[in-house]
Amino acid sequence: MKSNRNAKAHMSVYKNKTKEAPSAPVRAAHNRPAPLHYLLVILISSAAAFFAYRLWRINLFETPVDYYNDALPGLVNIRLMMENGGLGYTSDRLGAPFGYATFDFLQNDYIPQLLTKLLTLFTSNWILVFNLTNLLSFPIVACVALCVLRKLDVEPRVAVVMAVLFSCSPFHYYRAFRHGSFALCVSIPVAVYYILRLMRGEAILETKNHYLNRNNFGYVLAMILLGVCGVYYAFFTCFFLCVAGVYILIREKKLSRLKETVLSIVLIVCTTVIGYLPTILYRMKNGANTAVAVRTAAESELYSLKLSQLLLPVTNHCVSFLASLKDLFNTSFSVNANENDSVTLGLIFAVGFLILLLSFFRKQSKVSREVCYIQELACLNLSALLYASSGGLILVQALFFTQIRCGNRISVFISFFSCVCVGLLLSRLLKQKKVSRVPSGMISLGLAVLLAVGILDQTATGLARDYGEIRSQVQSDRAFVETIEEMEEEGSMILQLPIVRYPEAGTVNEMKDYSHFVGLLYSDTLRWSYGVMYGRDGYDVLDDLKAEDLTAEELILTAASMGYTGIYIDEDGYTEEELILLEEGLEELLDEAPLVSEKEDKLYFSLTAYISQNEIGTDYLSLIYTDGIYGEEGSGDSSWNWMEEEGTIRIYNWSDQEQHITLTLTISSPWEGEYSFLLTDGETGEESEYVITQGENCCELELTLEPGYNTLAFATDAPAVETQSDPRNMHIMLTEARMEPA
């Protein structure tokens, strides 16, 4: 009877929370994890990662765990950190001669970056730093999860098990070494902790000392952390804070109770914006780049969350029957199987997920503190599902904002919701009288078995890469690039073929994305053409060097007159016929065999001797059509570019001296009568006006070109072509542009 009265009293207090919001409860000292608990999660999570990736097969000092596609930008970032200092965002040894600046493609993931930077203070081995950064994410995430679970009153031994399982999720295994900002998901437990406290009606801010106290400082620091762990996690956290706000408003019906929720969102948004300040300043100076990271609304459906993928076993499960089941699913729905294949919760967290779904529809009655948490978790869990699932609310968002397109990435939040749910229920079970009579050793043994089963269930058999292949590729690339560096003078520019866009070029023939980065990894002084940001002027200039548009002789002369002293060829980027034609043409003209890598996948032709023999100077000029000029069109032997009423033409002078030229533009007008065509020199401001009539018109202009970029503005008063089938703003046509020495 006494216990029943206590339960009723507890319920009475909970129901009356709407009358007066309680202050934040004093967290008991026993809720803090003991050092032994931290040691356990560090050791177990590290051991799980060690066995999952089969790390006994690899020398972490000499071979990266991953070496292809998205792993290469991570390796280059570390290399640049060590070479240039800072966070590795810029380099003059990439994108030569224009330079490398990745501000248009920043991810706002400063926590992984700072961890990497810290490691670079202790070693100059960039391969080791890359491996350690990603491997350390497992114990770090586990420790943060443990801390939060204990603060949520999860029993210590249960908290250790759940923290390790959360850290060793399929999502983490898949992201490590490829997407470091998503792998180091320390912000998720922190976000869930504060959101749950808000939903429970607890006051986050303490008023003592005029709000200047340790508790409030910790809260602000946590919100800053949430804003610099990647834009996806920050966005999802703000989404759940909005859900929490609606939950609080419905339950308590007081707008005043939303102040902490709103403050949290404001702090996270402000921190995220500050994190993107380098990009904002860069774009203010150089203009927006609308060509990079272009996302479409349709991608939100393609990369959405699939309920079946949450609950099905991990791909390549250790149990053959379960592996076959997942293979059948992936084969049947291969169109929609992409990165969302990594969202598998695993058996234990799948149980927690289903419990949370059912709990949302369960009427709350006599409940304990743990079940109250589950009610809030159930609300968050369902909202995540409704938002990110195929056909969910993310499609409505995509109509207005497409940059957040991968709804499947919210699965790491769902995983932690389930983690807390299972942890709370197990903790409650251990408090039952019948269970409390079981010897502590037996309970610990049972939890250890549960942990072992959970880790095996979440670990795919195919996580380990082919380290032998990676080792041989690293050795081949290192020897190849080091030999090139011995052949060429310090600071020489190397042209890399094929010309591919950076970033997100995808696979070109059989050449993996970002493969050209290996040049920088193993050289100290050479400058490489790859790395010019797509959508910036430098990339447009390199279009003149696309080998498929040039003969071998034209390619050599153009590259040499631009200042490149060698041609580096990745054979995987060409078909067999294209490669034979290119290699034979270069070999015949240069009269020497190329340098071939050990794996015979890369070639190098030095142009130094050819340049010296033919006395080729760096005097190439690149004509770039930018604003106001549409792409080239053609019919038969004729071609043209439609022009708007105003725009710019840019000329890049590759030499280090002034060049005097005569620029001749042939302008075709479809209009009867006379109209003006005005050219303005961007350097001097000098204007040249021409009268254009129907048909072709020749406009000549003498220019003095400074080294680098030179801008020429144009404007016309000719009317626009009216057509219903073409929405472009077309006024006149540019049919020919020719540059000759003055």
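Just so you know, these numbers use all the heavy atoms, side chains as well, and skip hydrogens, waters and symmetry mates. In this text the structure is predicted, and so the values were computed from the model without any measurement.
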Worksheet item: Do the two ring centres, one from Tyr652 and one from Tyr620, sit under 6.0 Å apart?
Response: no
Worksheet item: Can you tell if the side chain of Ile494 reaches within under 4.5 Å of the side chain of Thr565, non-hydrogen atoms only?
Response: yes
Worksheet item: Taking the inter-plane angle between the rings of Phe517 and Tyr514 on a 0 to 90° scale, is it parallel (under 30°), tilted (30 to 60°) or perpendicular (over 60°)?
Response: parallel
Worksheet item: Below 4.5 Å, heavy atoms only, C-beta onward: do Thr662 and Leu701 meet side chain to side chain?
Response: no
Discussion item. Using side-chain heavy atoms (C-beta onward) and a distance below 4.5 Å, is Val518 in contact with Asp570?
Written reply: no
Item to complete: Sequence neighbours left out, what passes salt bridge (Lys or Arg N to Asp or Glu O under 4.0 Å) with Glu615? Give chain and number order.
Response: none
Worksheet entry | Heavy-atom pair with the smallest gap, counting every atom of Phe677 and Cys699 | CD2-SG, 4.0 Å
Item to complete: Check ring-ring contact (aromatic ring centres under 6.0 Å, His included) between Tyr610 and all other residues, then give those that pass, not counting sequence neighbours.
Response: none
Worksheet, complete the sentence: Sorted by chain and residue number, the salt bridge (Lys or Arg N to Asp or Glu O under 4.0 Å) partners of Asp524 (sequence neighbours excluded) come out as Arg79
Item to complete: Check Thr90 against Asn84 and note the closest heavy-atom contact, atom names and distance.
Response: O-ND2, 3.2 Å
Item to complete: Please determine if Asp601 and Lys599 form a salt bridge, counting it only when a charged side-chain N lies under 4.0 Å from a carboxylate O.
Response: no
Fill in: CD1 on Ile58 to CG on Leu60, rounded to 0.5 Å
5.5 Å
Fill in: salt_bridge(Arg175, Glu339) N-O dist < 4.0 Å
yes
Discussion item. Please tell me whether Glu632 and Asn641 have a donor and an acceptor in their side chains that are separated by less than 3.5 angstrom.
Written reply: no
Worksheet item: For Asp104, what residues pass the salt bridge (Lys or Arg N to Asp or Glu O under 4.0 Å) criterion, not counting sequence neighbours?
Response: Arg283, Arg536
Item to complete: Can you sort out the partners of Phe480 under ring-ring contact (aromatic ring centres under 6.0 Å, His included), two or more places apart, ordered by chain and number?
Response: Tyr568
Practice prompt. Take His516 and Val500 through the test side chain to side chain contact (heavy atoms under 4.5 Å, CB included) and record every step on the way to the result.
Written response: CA-CA 9 Å; His516 277 334; Val500 293; 3.8 Å; yes
Worksheet entry | Flag side-chain contact, heavy atom, 4.5 Å: Pro97 against Tyr564 | yes
Item to complete: Using atom types as modelled and distance alone, determine if a side-chain donor or acceptor of Asp109 lies under 3.5 Å from a backbone N or O of Gly230.
Response: no
Worksheet item: Would you say the side-chain atoms of Tyr530 pair up with the backbone N or O of Pro498, donor to acceptor, closer than 3.5 Å?
Response: no
Response to the item:
Nearest heavy-atom contact between Asn131 and Pro64 is OD1-CA, 3.5 Å
Discussion item. Assess the residue pair Tyr68 and Gln473 against the criterion (side-chain hydrogen bond (donor to acceptor under 3.5 Å, both in side chains)); give the C-alpha distance rounded to whole Å, side-chain angles, the decisive distance to 0.1 Å, and a yes or no.
Written reply: CA-CA 10 Å; Tyr68 306 108; Gln473 188 67 60; 4.6 Å; no
Worksheet item: Just checking, any donor-acceptor pair under 3.5 angstrom between side chains of Asn729 and Glu645?
Response: yes
Practice prompt. Look at atom CD of Glu588 and say whether more than 12 heavy atoms of other residues, nucleotides or ligands are closer to it than 6.0 Å.
Written response: no
Worksheet item: Passes side chain to side chain contact (heavy atoms under 4.5 Å, CB included), Tyr502 versus Tyr100? Steps please.
Response: CA-CA 10 Å; Tyr502 169 79; Tyr100 167 84; 3.2 Å; yes
Worksheet item: Quick one: CG on Leu623 to CZ on Arg738, what's the gap to the nearest 0.5 Å?
Response: 12.0 Å
Discussion item. A side-chain contact here means heavy atoms from C-beta on lying under 4.5 Å apart; do Ile629 and Phe714 qualify?
Written reply: yes
Fill in: Closest heavy-atom pair and its distance - Ile470, Asp66
CD1-CA, 4.3 Å
Practice prompt. Under the ring-ring contact (aromatic ring centres under 6.0 Å, His included) rule, collect the residues that match up with Tyr534, sequence neighbours excluded.
Written response: Tyr539
Item to complete: Scan for salt bridge (charged side-chain N to carboxylate O under 4.0 Å, His left out) pairs involving residues 86-96, sequence neighbours excluded, and state none if there are none.
Response: Glu83-Arg93
Fill in: salt bridge (charged side-chain N to carboxylate O under 4.0 Å, His left out): pairs with one or both residues in residues 113-129, sequence neighbours excluded
none
Worksheet item: Going through the distances and angles, do Leu607 and Ile567 end up as a side chain to side chain contact (heavy atoms under 4.5 Å, CB included)?
Response: CA-CA 7 Å; Leu607 303 181; Ile567 298 176; 4.0 Å; yes
Worksheet item: When rounded to the nearest 0.5 angstrom, what is the spacing between CG in Asn710 and CD1 in Ile651?
Response: 6.5 Å
Discussion item. Test of understanding: with ring-ring contact (aromatic ring centres under 6.0 Å, His included), list the residues that count as partners of Tyr522, not counting sequence neighbours.
Written reply: Trp126
Discussion item. Is there a side-chain contact between Ile667 and Trp640 in this structure, where contact means two heavy atoms from C-beta onward sitting under 4.5 Å apart?
Written reply: no
Practice prompt. Output all residues satisfying salt bridge (Lys or Arg N to Asp or Glu O under 4.0 Å) with Asp466, sequence neighbours left out; order by chain, then residue number.
Written response: none
Worksheet item: Are any non-hydrogen side-chain atoms of Leu545 and Thr558 less than 4.5 angstrom apart?
Response: yes
Discussion item. Under a 4.0 Å threshold between the charged nitrogen and the carboxylate oxygen, would Arg471 count as salt-bridged to Glu469?
Written reply: no
Discussion item. Let me confirm one number: the CG-CD1 distance from Leu663 to Ile649, rounded to the nearest 0.5 Å.
Written reply: 6.5 Å
Worksheet entry | Beyond-backbone contact of Tyr53 with Tyr173, side-chain heavy atoms, under 4.5 angstrom | yes
Worksheet item: Between the side chains of Thr123 and Asn125, is a donor N or O closer than 3.5 angstrom to an acceptor N or O?
Response: no
Practice prompt. Kindly state each residue pair satisfying salt bridge (charged side-chain N to carboxylate O under 4.0 Å, His left out) with at least one member in residues 477-492, sequence neighbours excluded.
Written response: Asp477-Lys602
Worksheet entry | Any donor-acceptor N or O pair under 3.5 Å, side chains Trp654, Ser561 | no
Worksheet item: Regarding Thr116 and Gln113, is there a side-chain donor-to-acceptor distance under 3.5 Å anywhere?
Response: no
Worksheet item: Okay, side chain of Asn614, backbone of Ile616: is any donor-acceptor separation there less than 3.5 Å?
Response: no
Discussion item. Under a 4.0 Å threshold between the charged nitrogen and the carboxylate oxygen, would Arg178 count as salt-bridged to Asp70?
Written reply: no
Worksheet item: What heavy-atom pair brings Tyr232 and Gln403 nearest, and what distance separates the two atoms?
Response: OH-O, 3.5 Å
Practice prompt. Look at the side chain of Thr133 and the backbone N and O of Val129, then say whether any donor-acceptor pair between them is shorter than 3.5 Å.
Written response: yes
Discussion item. Between Leu586 and Ile569, is the side chain to side chain contact (heavy atoms under 4.5 Å, CB included) condition met? List the steps.
Written reply: CA-CA 11 Å; Leu586 292 174; Ile569 300 172; 3.8 Å; yes
Response to the item:
On a heavy-atom basis, the closest approach of Thr120 and Ile78 is CG2-CG2, 4.4 Å
Discussion item. Taking salt bridge (charged side-chain N to carboxylate O under 4.0 Å, His left out) as the cut-off, I'd like each qualifying pair that reaches into residues 495-512, sequence neighbours left out, listed once.
Written reply: Arg295-Glu504
Discussion item. To the nearest 0.5 Å, what is the distance between CG on Asn59 and CG on Leu128?
Written reply: 9.0 Å
